[in-house]
Structures are given as structure tokens and as C-alpha cells.
Number of protein chains: 2
Amino acid sequence: MTNLALRHEDDEEERRRLGERLREARKYLGLKQEEVAAYLKIPRTGLTDIENGQRRVEAIELTRLARLYRQSVGYFTGEDQASSSLPADVAHLARRVADLSAQDREELGRFADYLRARSGGGQG
Amino acid sequence: MTNLALRHEDDEEERRRLGERLREARKYLGLKQEEVAAYLKIPRTGLTDIENGQRRVEAIELTRLARLYRQSVGYFTGEDQASSSLPADVAHLARRVADLSAQDREELGRFADYLRARSGGGQG
DNA sequence: CCTTGCATGTCGGAATATCCGACACTATAT
DNA sequence: ATATAGTGTCGGATATTCCGACATGCAAGG
């Protein structure tokens, strides 16, 4: 089996997980592939392939599926939902920062980097 | 310009918006198309097309771009326009700050106050 | 057991999109 | 004007999606 199907094996696993989440969400709502495919205006077999991780999902398609399935886009992509919504005090800080000039914001960003480095924490 | 390029004119507008957000986020970080394209393992001209709304963005590609650009996936799809009414760069700054300790955030808040006072800007 | 119906999976060729190099365009700098 | 950097655009080769036809799996009924 060569790469007649999908280019990167790297993506294979992630695509499969995405497809599984989409299938779960569809079944949870009791919808048929045919119905969802019609909603997306793609062939039914296209949705079959999506749910089996054998076809790419366009960002716009995912957005519409998320609306249909009443979930966030981040849920399907596996995005960390905790980090998706900011902690309360960070949101507060953001509001305090919103009326600063762009230049001051940049300086504040550098200071944030400094703090992160000093504490040795943080992510790349 | 017929639809030799992309099938649905419906999606054209949404794709353009997505591309614009992606371009803004890239420029905000001072990255070149070439660098981001290498990160995604797609040709540079592919990213050109994406940012001009002339090429589909796969959900997985968007997920990786969101990580690189330190934004939520929903930000690019337009999902959280309602939830976060903050300017893009402020939201980005907040994200950068989210992994700091509470103590560091407090210190950062004081620094924000200092900047505001120094610039003679807005109110607390 | 044999059908029937329904939902989903699979195959192949046609239709469509992406890739990728080559070149064009626009600044900026010398 | 020349050189460089970053980005846009074109065309043919390559890869993916579409779409119909057929296959599979499963459940209910005769």
C-alpha cells in the first residue's frame, strides 16, 4: 500500500481521530451519513471517507459540521479546550491591556516573556 | 475568473476571511510565508493561495497553524468572534500570558498599569 | 434459509484541486 | 540601474475528490 490514498502518514492518525469524533457526534444526533452529506453538499461516500479518516476535512466543512453537531470546532480538532477559553484573571488582564498602545502591548509582551523565562515555566 | 479554481462560490467569502486572519496572525509574529509553509510542509505558493482564499485549508493544517500562531482554532474560523470582543493582538497577548503563574500575572498587571500611566493613556 | 430494506463501505475512472518550478511584481537599499 | 527580499501568478504534472455501481453487514419477516 503506497501513498495512493493520503500523502502524509503523519496526518493519518490525527485524521482518524477527527473522523471518529465526527462520527460519534453524528450518531449521537441520530443522523445518517446521507443527511449530513447533503447538508455539507458533498457526496455521501465522501462523508464515509471522512469518518474513516480517508479524506481531508476542509476547515470550512469542519466549521459547518461543528455548527450542525452543536460542538466547538476545537472539540473536533482535539484542541485543549481549557486553554481555548482563557482563565478568568487572564481575561481580566486582557481587558486592562486593551486600552494600551500597540507599542506598549509589545513591550508588555516582552515583559511576559521575561517573566516566563525567569520562572522557567511555559510552553514553546 | 470562473469557478475553475474552487467549486462553491458560497465558500469563497468565508475562505477569504479565513485567509486574511491567517495572514494577519502570521505577520503579527513577523513570519515569512516560506517559514510557515515549511512548518506545514506545503509549498510556499500554497500558503500564498491560502491567505488569498484560493486554496482550501485542511482542518489539520488549521489546527497546526493555530498552535503556531498561538490562537484558538475557533478564532480563525470566526467561531469566537462573539465570545471574545478583544482586538486580535490583545487576545494573542492574553494567550501568551496564560501559562504564567498567578504571581507573574499580577506582576504583569502592575507593569501594564505602569505603561498606561507612562503614556498618559486611559483609565483603570 | 431466503428475501427485503437500510445504512455503510469499497472500487474505478472522470472531474477537480494541489503541487512546484519559473517568472513577474513591488518595495527597499546601494 | 542593480540587487535582494517577500509575495503573487501561470501552466502542466501529480494527487485527491467526486460519483455511480456494486458489496457488505445487520435486522425483521415469511
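Proteins get letters first, then strands, A, B, ... in listed order; numbering begins at 1 in each. Basis for what follows: all heavy atoms, side chains included, without hydrogens, waters or symmetry-related copies.
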Polar pair under 3.5 Å, donor/acceptor by atom type, side chain B/Arg44, base C/dG21: no

Would you call A/Arg17 and A/Glu13 a salt bridge, using N to O less than 4.0 angstrom?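 The answer is yes: the pair qualifies as a salt bridge.
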
Could you tell me whether A/Asp11 and B/Arg64 have a side-chain N and a carboxylate O separated by less than 4.0 Å? yes

Return the value, rounded to whole Å, for the distance between atom [atom1] of [X] and atom [atom2] of [N].
X	N	atom1	atom2	answer
A/Gln54	D/dT17	CD	C1'	13 Å
A/Ile50	D/dT16	CD1	C1'	13 Å
A/Asp11	D/dA15	CG	P	16 Å
B/Ile60	D/dT16	CD1	P	13 Å
B/Leu47	D/dG6	CG	P	14 Å
A/Lys32	D/dC26	NZ	P	19 Å
A/Glu58	D/dC18	CD	C1'	15 Å
B/Arg55	D/dC10	CZ	C1'	17 Å

Could you tell me whether the side chain of [Y] reaches within less than 4.5 Å of the side chain of [X], counting heavy atoms only?
X	Y	value
A/Arg15	B/Ile60	yes
A/Arg55	A/Ile42	yes
B/Thr63	B/Glu58	no
A/Leu62	B/Val73	no

Give a yes/no on whether any side-chain N or O of [X] is located under 4.0 angstrom from OP1 or OP2 of [N].
X	N	answer
A/Arg56	D/dC18	no
B/Thr45	C/dC20	no
A/Gln33	C/dG9	yes
A/Thr48	C/dT8	no
A/Arg26	C/dT8	yes

For residues 20-31 of chain A, please give each side-chain donor-acceptor pair under 3.5 Å, one per line with the distance, not counting sequence neighbours.
residue : atom : partner : partner atom : Å
A/Arg21 : NH1  : A/Phe76 : O            : 2.7
A/Arg23 : NH1  : A/Glu51 : OE1          : 3.3
A/Arg23 : NH2  : A/Asn52 : OD1          : 2.7
A/Arg26 : NE   : A/Glu51 : OE2          : 2.7
A/Arg26 : NH1  : A/Leu31 : O            : 2.8
A/Arg26 : NH2  : A/Glu51 : OE1          : 3.0

Roughly what angle, to 10°, lies between the helix axis at the start of the helix from C/dC1-D/dG30 to C/dT30-D/dA1 and the one at its end, five pairs per end?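 Helix axis angle between the two ends: 20°.
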
Of the listed nucleotides C/dT10, D/dG8, D/dC18, the one nearest the side chain of A/Ile42: D/dC18

